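Worksheet: the structure to be examined is printed underneath.
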Number of protein chains: 2
Amino acid sequence: MADTNTRDEEESVTRVRTLADLAKIAGVSPGTASRALAGNSLVNTKTREKIEAIAREHGFRPNQIASKLRRQKTGVIGVAIPLGHDVRQQISDTFFMTLLGYLADELTEKGYDLMLRRVIPAQDEDWLDRFIGSGMVDGVIVIGQSDQFERIEDVADGYLPMVVWGNHQEGQRHCVVGSDNRLGGKLAAERLIASGAKNLAFLGDTQPIEFAARFAGAKEVAGKLGVPIRALTTHLSPDRAGEEIAKHLQQIEGRVDGIFAATDTIAVTCLKELRERGIEVPRQLKVVGFDDLPISSQTAPPLTTVRQDIAAGAKGLVDLLLRRLGGEDTESLVLPPHLVVRETA
Amino acid sequence: MADTNTRDEEESVTRVRTLADLAKIAGVSPGTASRALAGNSLVNTKTREKIEAIAREHGFRPNQIASKLRRQKTGVIGVAIPLGHDVRQQISDTFFMTLLGYLADELTEKGYDLMLRRVIPAQDEDWLDRFIGSGMVDGVIVIGQSDQFERIEDVADGYLPMVVWGNHQEGQRHCVVGSDNRLGGKLAAERLIASGAKNLAFLGDTQPIEFAARFAGAKEVAGKLGVPIRALTTHLSPDRAGEEIAKHLQQIEGRVDGIFAATDTIAVTCLKELRERGIEVPRQLKVVGFDDLPISSQTAPPLTTVRQDIAAGAKGLVDLLLRRLGGEDTESLVLPPHLVVRETA
DNA sequence: CGCAAAATTGCAATCGTTTGCAATTTTGCT
DNA sequence: AGCAAAATTGCAAACGATTGCAATTTTGCG
């Protein structure tokens, strides 16, 4: 962006870098040039067309940084993905990237740019304040609460234009869009038990709020029906999950006949591991996942899973955010999960 | 961002919005406050610590928009995903999102922010000039050439800090990082034929340059070995691909015994369709994909595919871009694809 | 104590656009 | 022709930080 031309050279060359340059060529003031390019009705049609033609000829575009500063509006929404509990998790986690994709489409449609930031709270405590305080974004969407619930609550107290993808809890202060994870857990457990499972295992990390809620829902249903259920810690990063699942299956072989995976990614990895061990799904062991990613209909056998409506989630995040940008204090939006029965349970 | 407080209220409240506000409380000039927060050695240690403490106390952070304007540097890299040939393709296409994820990690590590823009060239011819001319980004990474080769060439002539994920062609002017698609196509055809296939089909859209190169490579090998190969147009969008593949399979049943899918996503959809028709892979029909996405090891049977090193691709894109930001005119980087033999061929 | 050098801090121009209000020009009517 | 109203355009402050250079203060030595 820095221009090495001296001032004198700049006066004489035809290169147009600023509105002031353009205005000089057009024989108007910079203010008129600015109004002309903005299509401001104050400017005479002939004058405006002349200025537009010169701008086209020189490939000139007004500097958006300067415009944002003057107008006090950036037109950019920040999307932060905190990786708190599992720093080995890549931003390329399938569910988050799918949601990000829908978010990008939704924001583009609303005329906003999307600025993506992956943050590691263990390395940068002030990741959210830093994003907000930078002044670079008009509002923030956080994808996943991770282990940052309190920090998000604190920031939400003083910053209205923020919405979080995650789990809504009674009494919380920040605005959330997310599935009813607890209900989803119930649906999963109900399905497993209805399919004949008598001993359940939950594969997931119960530290993150939303996974904890999924386990809690499953546990509640299992408890009511007198079916034992255990939680086997399984992390999201694929390399780690593979090893952990292998170990878990070794321990529980013959003792568990129903698995509730906290995510489809974990479920798919589990299916692969079961297949390698010659364990037949669902005859010998039933499996239910969570998310209903595109991959889930394509596994063999196709995965029974709890569907989150990701497109609706993205749309909800953007809709609520724009309302909050307009000054409204919106309630959280809890999306109902649905059981998608395929062939693994 | 606009503050409704009157000037007088602003003087009296302790809210600190600007460096000028902070400076006033600290009893120094705004310049000194700016230098203090930047850790500038010109500022006395005691003075700096006092200013830092007041900033912390008030949760103050310097406005990055103003800083960027003055310093003529944004610290943001623009990532554009043009969807030229298939406007129904979602930004959430698996390969692009996977690449995006790696890019985000790579850029974050280098201290840059990532601004994501999905563009539809049919609706906005000047999508690239507009991104660059906005002044919001220090450089641009384009993911996929789509049908925009000429436009990218034209822009590259006058804009150094741009790198494109795509196919490198002899004599082209813009800097590309991408796999040798032609070689990849050769590997795929070789594998199919070595596995006994005698009649090949290519499932993909041959309009995009990189897919055309994949088909060309396969065609070359098939031609040399006297094996017929046909191209069956299959688009990337999942809903469209499903229908097209179903129709193609109906047409070619019994006449084709080897399928080369332009992408893993197409291959996976194809596998599902074959399974539903009771066609055994690889005994009755062999399949090779392209990309080696995580899903490919998890299909049943696991997919034989041509692997693109996405992590290396992301790293290459960022490395070349930073070099070009530094003024260097780099050559394209062509990554060698590798055949990953699993069970579908 | 006086003075020169070093250190520290202040001033204000700068980045480039936007926009309220004043100045100028144009237009239309008597 | 003169004049008032309307239209158009210019001026310059503003957005908020950065930074070159000048002003001021501090320090140390003879």
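Within every chain, numbering begins at 1; the chains are lettered A, B, ... in the order of the sequence lines, protein sequences first and strands thereafter. Being a predicted model, the structure only gives us computed values, none of them experimental. Just so you know, these numbers use all the heavy atoms, side chains as well, and skip hydrogens, waters and symmetry mates.
For the pair B/Arg61 CZ and D/dG16 P, the interatomic distance rounds to 17 Å; values are reported in whole Å. Protein atom CD1 of A/Ile51 is 13 Å distant from nucleotide atom P of C/dT17, rounded to whole Å. Distance CD (A/Gln64) to C1' (C/dT17): 9 Å, rounded to an integer number of Å. When the C1' atom of C/dG16 is taken as reference, atom CG of A/Leu37 falls 13 Å away, rounded to whole Å. We find that NZ of A/Lys50 is positioned 13 Å from C1' of D/dT8, with the value rounded to whole Å. If you measure from atom CE of A/Met136 to atom P of D/dG16, you get 16 Å, rounded to the nearest angstrom. One can place CZ of B/Arg70 at 16 Å from P of C/dA12, the figure rounded to the nearest angstrom. If you take CD1 of A/Ile65 and P of C/dT14, they are 21 Å apart, rounded to a whole angstrom.
Here CD1 of A/Ile209 is found 12.0 Å from NE2 of A/His168. Values are rounded to the nearest 0.5 Å. Put simply, NZ on B/Lys110 and CG on B/Asp105 are 11.5 Å apart, with the number rounded to the nearest 0.5 Å. Note that the CG atom of B/Asp157 and the CD1 atom of B/Ile152 stand 12.0 Å from one another [nearest 0.5 Å].
Between A/Gln145 and A/Trp165, the side chains place no donor N or O within less than 3.5 Å of an acceptor N or O (distance only, hydrogens not considered). For the 3.5 Å distance criterion, the side chains of B/Arg118 and A/Thr108 fail to qualify, holding no donor opposite an acceptor.
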Pull out every protein N or O sitting under 3.5 Å from an N or O of nucleotides 4-7 of chain C, one pair per line with the distance.
none

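Picking from D/dT9, D/dT19, C/dT18 the nucleotide with the shortest atom distance to the side chain of A/Thr47 gives D/dT9. Side-chain atoms of B/Arg35 lie closest to D/dG20 of the nucleotides D/dG20, C/dG16, D/dT9. Relative to the side chain of A/Val28, the nucleotides D/dG16, D/dG10, C/dG16 differ in distance, and D/dG10 lies closest. Taking only side-chain atoms of A/Leu69, from C-beta outward, the nucleotide of D/dG16, C/dT18, C/dT9 with the closest atom is D/dG16.
Between B/Ser29 and the phosphate of C/dT9, there is no side-chain N or O to OP1/OP2 separation shorter than 4.0 Å. Applying the 4.0 Å criterion to OP1 and OP2 of C/dG16, one finds that A/Arg17 has a side-chain N or O inside that range. Using a 4.0 Å cut-off, no side-chain N or O of B/Ser34 falls inside it from OP1 or OP2 of D/dA17. Of the side-chain N and O atoms in B/Thr32, none sit less than 4.0 angstrom from OP1 or OP2 of C/dT9.
Residue whose closest nucleotide on DNA chain D sits further toward the 5' end, between B/Ala66 and B/Asn40: B/Ala66.
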